[in-house]
Structure formats: C-alpha cells, structure tokens
Visitor: 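Quick one: the structure is below, and I'll ask about it shortly.
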Amino acid sequence: MEKPLLPLSSQLSLQNRVYEVTLNSAFLSWKEVETRPKRTSGNIYGPLKAAGSHYVPVCEIISVQETEEDCPSTDTGKWHKVPQSVAESNQHAFTVCYVERTQKHRWRCSDVTLHCTDRTLCLQWVQAIREQLSLLTIRPKRLLVYINPYGGKHHGKRIYEQKVAPIFSRASISTDVIVTEWANHARDHLKTEADLKKYDGVVCVGGDGMFSEIIHGLISRTQCDSGVDQDCSDEPLIPCSLRIGIIPAGSTDCICYATVGSNDPVTSALHIVVGDSQPMDVCSIHHNNTFLRYSVSLLGYGFYGDVLTDSERKRWMGPARYDISGVKTFLSHRYYEGTISFLPADENVGTPRDKLQCRSGCNICRLPSADKQVSKDEESVSDIETKGVWKVIRGKFLAINAACMSCACPRSPKGLSPSAHLADGTADLILVRKCSRFDFLRHLLRHTNKDDQFDHPFVEVYRVRQFRFTPRYEDTDSELDLREAEGTGHKRFFSQICREHPACSCSLAHSSWNCDGEILPHAAIQVRVHCQLIKLFARGIEEQSVFEEPYALSAI
Ligand SMILES: Nc1ncnc2c1ncn2[C@@H]1O[C@H](COP(=O)(O)OP(=O)(O)OP(=O)(O)O)[C@@H](O)[C@H]1O
Ligand SMILES: CCCCCCCCCCCCC/C=C/[C@@H](O)[C@H](CO)NC(C)=O
Ligand SMILES: [Ca+2]
C-alpha cells in the first residue's frame with residue numbers, strides 16, 4: 001500500500017451518520033456533514049468540539065486498530081454494536097483510542113470507531129495514524145515496573161493488573177514487572193542490578209515511600225556510574241536520564257497528586273503512555289560529611305516528624321494511621337529548640353506567599369537557575385551559592401518544614417506550601433514557632449481550606465536553596481551520644497532538658513525528621529536543593545483552560 005499523504009481526508013461513518021474525517025500532523029478531526037440538527041454535548045471535557053466538530057491532538061492518541069465487526073475487540077473485551085444500515089454499507093472500521101479529560105484533572109481512555117466503505121481505505125487510515133504515532137519518539141516503549149504489594153491499602157498489584165497493564169498493552173508498551181518482596185528491594189535492584197539501558201523509564205506502583213526507593217536507586221546509580229561522591233555535600237549531582245512514572249497506590253500519594261493533579265492510577269498510566277516529562281527538584285540531606293537521604297516532598301521536624309514516628313507503629317491501620325497519630329501528636333503539643341540557618345533564593349523565583357502556583361509549563365521553573373548556569377559558566381554551584389548571605393534564626397518551634405514542591409495531596413489539596421515550584425531549584429522553609437494549641441490548630445486547619453496558612457504571627461516562610469538545622473544542645477554532645485545515654489539509663493542530662501519544656505511530658509529533647517515518609521536517624525542536618533535532578537512522566541497540574549473549548553479551539 002502506498003504511504004498515505006497528509007492531510008488525509010475521507011467521508012467515514014460513525015453511529016449511522018456521515019463525517020468528514022481529517023488527519024494532519026497535529027490533529028485527528030471529524031465533523032458531521034449531514035444538515036440535520038446537530039446533537040450538542042454538555043460535557044466540555046470530551047474531545048474538543050465546535051459545532052459538531054471533534055478534535056483529538058495526535059499526541060493524545062493512544063492507539064489505533066482495525067476493528068473486526070460483530071466480535072469483541074481483542075484488548076477491551078467490549079462488543080462494538082454497529083447500526084444495521086451502516087453495517088451493511090460500511091463493513092470495515094477502525095477504532096482510535098485517545099485521552100479524554102474528565103473532572104479534577106483525571107484522564108480517561110475514550111474511543112471512536114469510524115466505518116469505511118472498503119478495506120483498503122480502512123487500512124490506509126490505520127497506517128496513516130500509526131505513522132504519526134511512530135513519530136512521537138518521546139513515548140516510552142519499554143518500562144521497568146516495581147510494585148509494592150503492601151503500600152496503602154495493599155491494592156498495588158490489583159491496581160496495576162486491572163487498570164494499568166491493559167493501557168500499556170493497548171499502547172504497545174512492553175514491561176518487565178517486579179513485585180517487591182522486601183523494603184528496599186526496588187532501591188537495591190536499581191542501584192546495582194537492573195540493566196537500565198534496556199528501558200525508557202521506571203514505574204513505581206505504591207506511595208511516596210516507594211517513590212523514594214526508586215529515586216534513591218536511580219540517583220545513586222547515576223552518581224556511581226559518573227564517579228560522583230554522594231557524601232560530598234557541595235558536589236553537583238548528575239541528573240538522571242530515565243523518567244519515573246508513579247501509579248498511586250499508597251497512603252498519601254503526595255508526589256503523584258502534586259505533579260499530575262490527582263491520585264488516579266488510570267490518569268498516571270496515560271501520562272506515561274503519552275510520554276510526558278516533568279523535571280523535579282531533589283533535596284540532598286547530609287549529616288556532617290555523610291550522605292543521609294534525598295527528599296522531594298516534605299522534610300519535616302517537630303510535628304510531622306512526631307506524627308510519622310508514632311504512625312510507623314500503626315502501619316497495620318493503613319492510611320488511617322496518619323489521622324490517629326496526627327491527633328495524638330497535636331494533643332501532645334511538643335516544641336523543640338534549635339537553630340536554622342539558610343541561604344535565601346534569588347528574588348526572580350518568586351516568594352512562598354506570591355500566589356503564583358506552579359502549573360504545567362510553569363514560567364518560574366523555566367528560568368535559568370543557579371544550578372542550571374553551572375555548565376554554562378563552568379562555575380560550581382557552591383561558588384555561586386557562597387555569594388549569597390546566610391540568615392540565622394534561633395527559637396522554639398512546633399514544626400520546621402521544608403517543601404521542595406507544594407506537597408498537595410487529598411488531605412491538603414493546596415498543600416503545605418501552595419506556591420512552591422516543582423523544578424525551580426528551591427524549597428520553601430516553613431517555621432512554626434511555639435504558640436498555643438488553639439493557634440496551632442487554626443494553622444493546621446488552613447491546610448485543608450482556602451485560607452492562607454502562613455498568615456499567622458507565629459509562622460514564617462522563606463524560599464531557600466540550602467539550609468542547616470542544629471538542635472539545641474547539639475553543640476555540646478553529639479545527639480547519638482545523647483540517645484545512647486538515654487538507652488543506658490543516664491537520663492540526667494535529658495531530664496534537665498525536658499524540665500525546660502513545661503508542655504513536654506516526654507524524655508526526648510529532639511524530634512526526628514520526616515523525610516518523604518521515612519524517619520531520619522539524625523536531628524542535625526544540612527540540606528541542599530538540586531534543581532531538576534530527576535524527571536517524571538507527568539506535566540505538572542494543567543490549568544483548567546487547557547481543556548475548555550475557547551482556548552483549545554483558538555490553539556487549533
Ligand atoms: N515487599 C515489601 N515488603 C515490605 N515493605 C515494602 C515492600 N516493598 C516496599 N516496601 C516499603 O513499604 C514502605 C511504604 O510503601 P508505600 O510508600 O508504597 O506506601 P505507604 O507508606 O502506605 O504510602 P505513602 O508513602 O504515600 O504514605 C516503603 O518505605 C517501602 O520501602
Ligand atoms: C488536627 C488536624 C490536622 C489537619 C492537618 C492537615 C494537614 C495535612 C498536610 C499533609 C501534608 C503531607 C505532606 C506529605 C508528606 C509525605 O511525604 C508523607 C509520606 O507519604 N506523608 C506524611 C503524612 O507524612
Ligand atoms: Ca522546588
């Protein structure tokens with residue numbers, strides 16, 4: 001068969017009506033040619049429609065296949081019912097499966113079956129669409145998938161098999177699937193064993209903890225392959241080349257929610273299929289000259305550290321553990337003393353209170369940042385950063401939180417820091433000073449509504465590139481020595497500290513850091529944000545206007 005030339009245009013039938021169907025390099029469109037009154041649809045989220053016209057961007061077509069009439073299509077199991085008159089005259093048909101946007105940033109697979117008068121025409125259409133899809137080289141063809149069967153409500157395996165695998169197979173993506181058997185199985189496999197050259201991306205099925213395993217494996221592997229020492233806190237890190245997909249099946253799913261706009265497995269699978277790419281910042285955390293962990297969402301000391309410590313003992317409860325531990329920690333009302341020093345970000349990246357939310361194609365994330373200038377100027381990141389002036393704050397804090405991104409999640413739809421950016425090379429540092437229980441509750445509740453959680457006299461927020469935290473008394477002894485002393489019964493020093501905390505009934509002067517849902521072993525840490533160190537199969541949260549008619553049609 002001859003190679004179809006574009007634009008390709010034919011009169012084809014759909015549900016007993018005749019349509020002018022056109023394919024060019026950007027869109028597949030179909031427009032009714034009959035003159036009778038047109039049916040209008042109330043759903044603005046479907047394929048773009050203008051007076052009976054439908055447009056699907058080629059980059060949002062998932063697959064095309066010849067449809068065998070009166071028999072189930074091979075991958076969906078659905079029967080395609082063809083009205084009698086059409087069936088008689090149009091025996092041949094092809095089905096195009098494409099992305100359809102629904103409410104709350106969710107994507108679905110939708111399909112349209114177009115009937116042709118002869119098979120040659122039908123095959124010509126299938127070939128033309130497939131050729132356009134083959135030009136989309138950003139789409140992954142082979143993926144390495146890790147499933148945590150114990151994340152969230154333990155549904156990871158079922159979610160993957162029932163909702164995600166059929167979409168990958170429809171999009172002709174081949175997969176190697178590993179169901180993890182122990183914690184850190186995925187991390188260690190990626191670090192040392194996986195043949196990464198074979199893949200176009202890595203997918204994790206699980207929550208934020210599982211995602212954390214994947215980034216630790218990939219980042220460590222990349223640094224190791226390039227001879228970068230992760231213990232050296234001011235050495236620039238090498239960005240990872242493989243993109244990561246998240247199929248949400250955890251308890252918080254904050255990284256998925258904040259990068260896609262929902263925690264829906266089908267939506268995530270479709271972002272992987274269309275080959276989206278969203279760069280993301282990563283914080284490295286060191287204690288003296290020892291690398292501890294990476295973080296992409298919340299790094300929280302005090303309240304969120306204590307919630308996590310308590311909730312780990314309640315893992316059997318599933319996602320509800322965070323609510324129970326949240327209330328318990330709130331009631332305990334512990335505060336912690338220490339010193340925070342930080343290097344503020346340049347003003348051109350905005351401020352945490354500027355209400356400029358990070359959205360798909362964000363202008364702030366596209367600005368050249370200190371990290372990104374490194375290769376151009378051949379100046380190291382630390383050279384650039386030492387030009388800034390460090391600020392120092394001492395005090396008593398209920399919570400110290402650093403958010404590299406908004407940390408939006410179903411519990412807090414605008415997140416811990418609603419204006420934080422995914423890929424600007426900064427984190428928002430939120431300091432909640434000692435205040436009354438009532439005030440702290442008002443602050444916490446504002447995470448769940450539209451009010452500004454930073455608009456309190458006891459809350460400060462800074463956009464930073466680096467920060468350090470030293471708990472009080474850290475200067476006299478190492479905290480591990482203190483913990484050992486506690487373990488061996490030498491509690492005098494500790495009880496002295498705690499007598500200085502009237503509200504604190506426990507024997508610990510230190511909290512722990514909650515690092516993306518994992519507990520860190522040290523309270524004194526140094527943190528640096530690495531701009532765009534990793535990439536996800538995502539595009540950031542889309543503005544509503546992307547899928548409303550006027551915008552979309554003016555873009556055509
Ligand atoms: N096979 C396994 N057995 C036990 N633990 C595992 C296994 N695979 C992964 N893990 C660990 O399970 C922990 C929790 O996983 P995950 O993040 O998927 O769910 P979650 O904690 O319920 O959700 P979230 O992190 O969103 O709050 C992770 O720290 C991960 O290292
Ligand atoms: C007493 C009322 C409390 C209401 C408080 C609501 C605030 C919710 C804010 C949640 C932000 C979660 C940030 C994400 C953190 C994840 O990294 C981590 C691991 O999944 N999850 C948690 C809960 O630590
Ligand atoms: Ca950031």
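As the structure lists them, so they are numbered: ligands from 1, and atoms in each ligand from 1. The structure displayed is predicted, hence computed values, not measured ones.
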Visitor: Determine whether the side chain, the backbone, both or neither of V327 has a heavy atom under 4.0 Å from any heavy atom of ligand 2.
Guide: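 No part of V327 comes within reach of ligand 2.
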Visitor: Taking atom 21 (O) of ligand 1 as the point of reference, which of M210, R321, E518, E181 owns the nearest heavy atom?
Guide: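 Result: the heavy atom closest to atom 21 (O) of ligand 1 is in R321.
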Visitor: Do any N/O/S atoms of D281 come under 3.0 Å of the Ca ion (ligand 3)?
Guide: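 So D281 does bind the Ca ion (ligand 3) by this criterion.
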Visitor: Which protein non-hydrogen atom lies closest to atom 11 (C) of ligand 2, naming both residue and atom, and how far is it?
Guide: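 So the nearest neighbour among protein heavy atoms is L416 CG, 3.9 Å.
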Visitor: Of all the heavy atoms in L308, does at least one lie under 4.0 Å from an atom in ligand 2?
Guide: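 No, L308 has no heavy atoms under 4.0 Å from ligand 2.
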Visitor: Keeping R465 on the side-chain end and G425 on the backbone end, is there a donor-acceptor pair under 3.5 Å?
Guide: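 At least one qualifying donor-acceptor pair exists.
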Visitor: Decide yes or no on side-chain hydrogen bond (donor to acceptor under 3.5 Å, both in side chains) for Q357 and K414, but give the supporting numbers first.
Guide: CA-CA 9 Å; Q357 292 191 321; K414 61 187 168 89; over 6 Å; no
Visitor: Has G207 got any heavy atom lying under 4.0 angstrom from an atom of ligand 2?
Guide: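 For ligand 2, residue contact (heavy atoms, under 4.0 Å) with G207 is absent.
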Visitor: For ligand 1, is any non-hydrogen atom under 4.0 Å from R315's backbone (N, CA, C, O), its side chain (CB onward), both, or neither?
Guide: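 R315 to ligand 1: side-chain contact only, backbone stays beyond 4.0 Å.
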Visitor: So which protein heavy atom does atom 24 (O) of ligand 2 come closest to, and at what separation?
Guide: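 Looking at atom 24 (O) of ligand 2, the protein heavy atom closest to it is N514 ND2, 2.9 Å.
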Visitor: Output yes if C404 passes the N/O/S-under-3.0 Å test against the Ca ion (ligand 3); output no otherwise.
Guide: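 Checking the Ca ion (ligand 3) against C404, an N, O or S atom does fall under 3.0 Å.
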Visitor: Which protein non-hydrogen atom lies closest to atom 10 (C) of ligand 2, naming both residue and atom, and how far is it?
Guide: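 Protein heavy atom at minimum distance: C409 SG, 4.1 Å.
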Visitor: So for ligand 2, is Y304 a polar contact partner (N or O within less than 3.5 Å, distance only)?
Guide: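 No; every N/O pair is 3.5 Å or more apart.
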Visitor: Note the single closest protein heavy atom to atom 6 (C) of ligand 2, along with its residue, its atom name and the distance in Å.
Guide: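 Here the nearest protein heavy atom works out to T448 CG2, 4.0 Å.
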Visitor: Using atom types as modelled and distance alone, determine if a side-chain donor or acceptor of R446 lies under 3.5 Å from a backbone N or O of D452.
Guide: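 The answer is yes, because a donor-acceptor pair under 3.5 Å joins these two groups.
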Visitor: Does any N or O in the side chain of D428 come within less than 3.5 Å of the main-chain N or O of S417, such that one atom is a donor and the other an acceptor?
Guide: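 No; judged by distance alone, with no hydrogens or angles, the pair does not exist.
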Visitor: Got the closest protein heavy atom to atom 19 (C) of ligand 2, with its distance?
Guide: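 For atom 19 (C) of ligand 2, the nearest protein heavy atom comes out as G517 CA, 3.5 Å.
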Visitor: Check each atom of ligand 2 against the heavy atoms of S297 and keep those under 4.0 Å away; list them by number with element.
Guide: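 It comes down to these atoms of ligand 2: 17 (O).
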Visitor: Flag H447 as yes when one of its N or O atoms lies below 3.5 Å from any N or O atom of ligand 2, and as no otherwise.
Guide: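 Between H447 and ligand 2 (N or O atoms, distance only) the closest approach is not under 3.5 Å.
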Visitor: Do D253 side-chain atoms and G250 backbone N/O form a donor-acceptor pair below 3.5 Å?
Guide: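 Checking the backbone N and O of G250 against the side chain of D253, a donor-acceptor pair under 3.5 Å is found.
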Visitor: Measure from NZ or CZ of R468 to the centre of the six-membered ring of W390, then state whether that distance is under 6.0 Å and the direction lies within 45° of the axis.
Guide: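 Pair R468/W390 counts as cation-pi.
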Visitor: Under 3.0 Å from the Ca ion (ligand 3), is there an N/O/S atom belonging to M405?
Guide: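 False for M405.
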Visitor: Under 3.0 Å from the Ca ion (ligand 3) - does any N, O or S atom of H421 fall there?
Guide: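 It does: H421 brings an N, O or S atom closer than 3.0 Å to the Ca ion (ligand 3).
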Visitor: For ligand 2 and D208, I'd like to know whether there is a polar contact (N/O to N/O, distance under 3.5 Å).
Guide: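 Between D208 and ligand 2 (N or O atoms, distance only) the closest approach is under 3.5 Å.
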Visitor: Please write down residue, atom name and distance for the protein heavy atom closest to atom 1 (C) of ligand 2.
Guide: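 That would be L441 CD1, 4.1 Å.
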Visitor: Quick one: do the T290 and N288 side chains pair a donor with an acceptor below 3.5 Å?
Guide: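 No donor-acceptor contact under 3.5 Å links the two side chains.
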Visitor: Nearest non-hydrogen contact with atom 8 (N) of ligand 1 belongs to which option: V205, N184, D253, T180?
Guide: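 Shortest heavy-atom distance from atom 8 (N) of ligand 1: T180.
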Visitor: If I compare all heavy atoms of Y146 with all of M210, which pair ends up nearest, and what's the gap?
Guide: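 Closest heavy-atom pair between Y146 and M210: CB-CE, 3.8 Å.
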Visitor: Pairs of nitrogen or oxygen atoms closer than 3.5 Å, one from T252 and one from ligand 2: do any exist?
Guide: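 N/O-N/O distance below 3.5 Å exists for this pair.
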Visitor: Can you list the steps and then say if D264 with K104 is a salt bridge (Lys or Arg N to Asp or Glu O under 4.0 Å)?
Guide: CA-CA 10 Å; D264 171 53; K104 298 187 181 162; over 6 Å; no
